[in-house]
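Here the structure is a predicted model, which means the values were calculated and not measured.
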2 protein chains.
Amino acid sequence: MNEEVGDFLKAVNNLSVLSEQATSELLECVRTKKYMKGDVIHEEGKLCRNLFFIKTGLAKHFYYHKGSQFIFRFFEEDHFFIATDSFFKNLPADYSTLALEDCTINYLLYDDFERLCNKYHSFESFARKFVSVVASTAISNLKGLLYLDATGRYNKFLKEYGHLQQRISLGDTAAFLGISQVSLSRIRSKK
Amino acid sequence: MNEEVGDFLKAVNNLSVLSEQATSELLECVRTKKYMKGDVIHEEGKLCRNLFFIKTGLAKHFYYHKGSQFIFRFFEEDHFFIATDSFFKNLPADYSTLALEDCTINYLLYDDFERLCNKYHSFESFARKFVSVVASTAISNLKGLLYLDATGRYNKFLKEYGHLQQRISLGDTAAFLGISQVSLSRIRSKK
DNA sequence: GAAATCCTTTTACAAATGTTAAAAAGTTAT
DNA sequence: ATAACTTTTTAACATTTGTAAAAGGATTTC
């Protein structure tokens, strides 16, 4: 097996065990690309229907609103991600994804994804479970933003992303929490 | 066909056209229940793995935190909903759903749902697409909470749920926006 | 139709967060 | 080691939002 896509396949099988046929057809489709720290992996406003998998590195989903940057998700190694609106609705992406560290990324073109979904029940099942994780995470974050104040959100961040704290800057953390950098600095200093 | 589940079936086929076999097996499983205004449809802390469909009426997802109620979704007629954490992860629900008006609800037990998923590719495909909608909606709301202030969120609410405005109280609207009732009243009066 | 109840608005004050600017600390490149 | 640059902290002030209490409207119940 192509060494570069082993982790990808493992992550897929972790959600739904693929049939042999599905596995070999999937392996033929998966591509690999490397990004340098600071590179844009996909861009707001453009269509991007790939299913991405971070083999190594760290990335963020972000977008700009009135000149400020907002982040709503970090992705570390061994995680899938997509440009949600593009992927689900075939619309221009409403956010960009940027490599916060050098990244090695596996990806699957949408046409291949859709074909595998239609052809192999086991792959469609993976797709459903992957999307479930996307929904669960978004809802959890949504709840956090609804009922927690800035301090509460920071604590939630530490609990869920604590292991990434050293790899994420204060500015990016603040943009993720939806508060100003200054406010986050104040919160930190009170501890 | 059982008249009570026609809309349910139509909504399913709208996402993925079911095979004949899948359709007839689905129809055997769908149940119907009526709720009065104020009734709890499923409760925080309890397992609830049903897939619900509102045939008529209006409902809200809500939960309490430190004595205050927070709402993160309204559901009107012709919409599916689930207790996300229960449905996806087999955990106790982390929110309740309550009928804001008298409701007629169709629902599918999880075991039937899962069996239909495994047995019929066309139903698994429906499941994937349904979950995609859940994810898309959650992410859209998440973005709104991240970058909009109270006024901006209210405007977004009017745009997306404007047609429901007369059916939703100010208190529930405020709980949905994550702001106090007083603050919402202030915003309204400025218009 | 009066009383009771619920929902919305208003007021006054307190607390949290934002904005701007500047200083301090930390990093990187030469 | 120094300079240039980036990130984080601190300070001062403005604005937004929250809280609590009271008043005003609307609706329901008897």
Side-chain angles (χ1 to χ4, degrees), chain A residues 36-39 58 60 62 64-72 74 98-102 141-158 161-162 164-191, chain B residues 36-39 58 60 62-72 74 98-102 142-158 161-162 164-191:
Chain A
M36 301 283 285
K37 174 176 175 172
D39 283 353
L58 183 68
K60 66 175 175 183
F62 74 99
Y64 283 93
H65 181 79
K66 294 192 180 168
S68 300
Q69 182 179 130
F70 295 87
I71 297 174
F72 60 97
F74 296 105
L98 181 139
L100 292 173
E101 302 174 353
D102 292 352
N141 287 341
L142 180 62
K143 286 187 65 180
L145 281 179
L146 250 191
Y147 70 74
L148 296 176
D149 63 5
T151 305
R153 275 181 259 170
Y154 182 58
N155 290 332
K156 187 169 189 280
F157 169 79
L158 288 182
Y161 292 90
L164 296 180
Q165 208 194 346
Q166 299 79 356
R167 296 164 70 184
I168 298 173
S169 74
L170 178 135
D172 276 352
T173 305
F176 174 75
L177 299 174
I179 61 180
S180 71
Q181 208 163 323
V182 175
S183 186
L184 177 54
S185 189
R186 274 194 286 243
I187 289 164
R188 269 190 179 176
S189 69
K190 270 181 205 152
K191 295 232 157 182
Chain B
M36 302 282 285
K37 174 177 176 172
D39 283 353
L58 183 69
K60 66 176 175 183
F62 74 99
Y63 55 96
Y64 283 93
H65 180 80
K66 295 194 179 165
S68 300
Q69 182 177 131
F70 295 87
I71 296 173
F72 61 97
F74 296 105
L98 183 138
L100 291 173
E101 302 173 353
D102 292 352
L142 180 61
K143 286 186 66 181
L145 281 179
L146 250 191
Y147 70 75
L148 296 176
D149 63 6
T151 305
R153 274 181 261 172
Y154 182 59
N155 290 332
K156 187 170 188 280
F157 169 80
L158 288 183
Y161 292 90
L164 297 180
Q165 209 194 346
Q166 300 79 355
R167 296 164 71 185
I168 298 173
S169 74
L170 179 135
D172 276 352
T173 305
F176 175 74
L177 299 174
I179 62 180
S180 71
Q181 209 163 322
V182 175
S183 187
L184 177 54
S185 189
R186 273 193 287 242
I187 288 164
R188 270 190 178 176
S189 70
K190 269 180 207 153
K191 295 228 158 185

Asks: Taking atom P of C/dT8 as reference, at what distance in whole Å does atom CD of B/Q166 sit?
Replies: 13 Å
Asks: When you get a sec, tell me which of D/dA11, C/dT8, D/dG18 is the closest nucleotide to the side chain of A/V182?
Replies: D/dA11
Asks: Please say which of B/F74, B/F72, B/Y154 ends up in a ring-ring contact (aromatic ring centres under 6.0 Å, His included) with B/F176.
Replies: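 Per the ring-ring contact (aromatic ring centres under 6.0 Å, His included) rule, the option paired with B/F176 is B/F74, out of B/F74, B/F72, B/Y154.
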Asks: Just the rounded figure in Å: distance from P of C/dT17 to CD1 of B/I179.
Replies: 15 Å
Asks: Which heavy atom in B/K37 sits nearest to a heavy atom in B/L100, and how many Å separate them?
Replies: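 Shortest heavy-atom contact: CG-O, 3.5 Å.
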Asks: Might you point out which heavy atoms bring B/L146 and A/I71 nearest each other, and give the distance in Å?
Replies: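 Answer, listing the atom of B/L146 first, then A/I71: CD1-O, 3.3 Å.
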Asks: Using whole Å, report how far CG of B/L177 lies from P of D/dT16.
Replies: 17 Å
Asks: Which nucleotide in the list C/dG18, C/dT9, D/dT9 gets nearest to the side chain of B/R188?
Replies: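 Shortest atom-to-atom distance from the side chain points to C/dT9.
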Asks: Report the distance from atom CG of B/L170 to atom P of D/dG24, rounded to the nearest whole Å.
Replies: 19 Å
Asks: Could you tell me how far apart A/I168 (CD1) and D/dT8 (C1') are, to the nearest whole angstrom?
Replies: 16 Å
Asks: Write down the distance between CG (B/L184) and C1' (C/dT9), rounded to a whole number of angstrom.
Replies: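 Atom CG in B/L184 sits about 11 Å away from atom C1' in C/dT9.
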Asks: Rounded to the nearest Å, what distance is computed from the CZ atom of residue A/R167 to the P atom of nucleotide D/dT7?
Replies: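 Whole-Å distance recorded here is 17 Å.
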Asks: What are the two closest non-hydrogen atoms of B/L177 and B/R153, and how far apart are they?
Replies: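 Heavy atoms of B/L177 and B/R153 come nearest at O-NH1, 2.6 Å.
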Asks: If you check every side-chain atom of A/S180, which of C/dG18, D/dG18, C/dT17 has the closest atom?
Replies: C/dG18
Asks: Classify the nucleic acid contact of A/S183 as base, sugar-phosphate or nothing, counting any heavy atom under 4.0 Å across all strands shown.
Replies: sugar-phosphate
Asks: Separation of B/Y147 atom OH from C/dT17 atom P, in whole Å?
Replies: 21 Å
Asks: Among C/dT8, D/dT10, D/dT19, which nucleotide has an atom closest to any side-chain atom of B/R186?
Replies: D/dT19
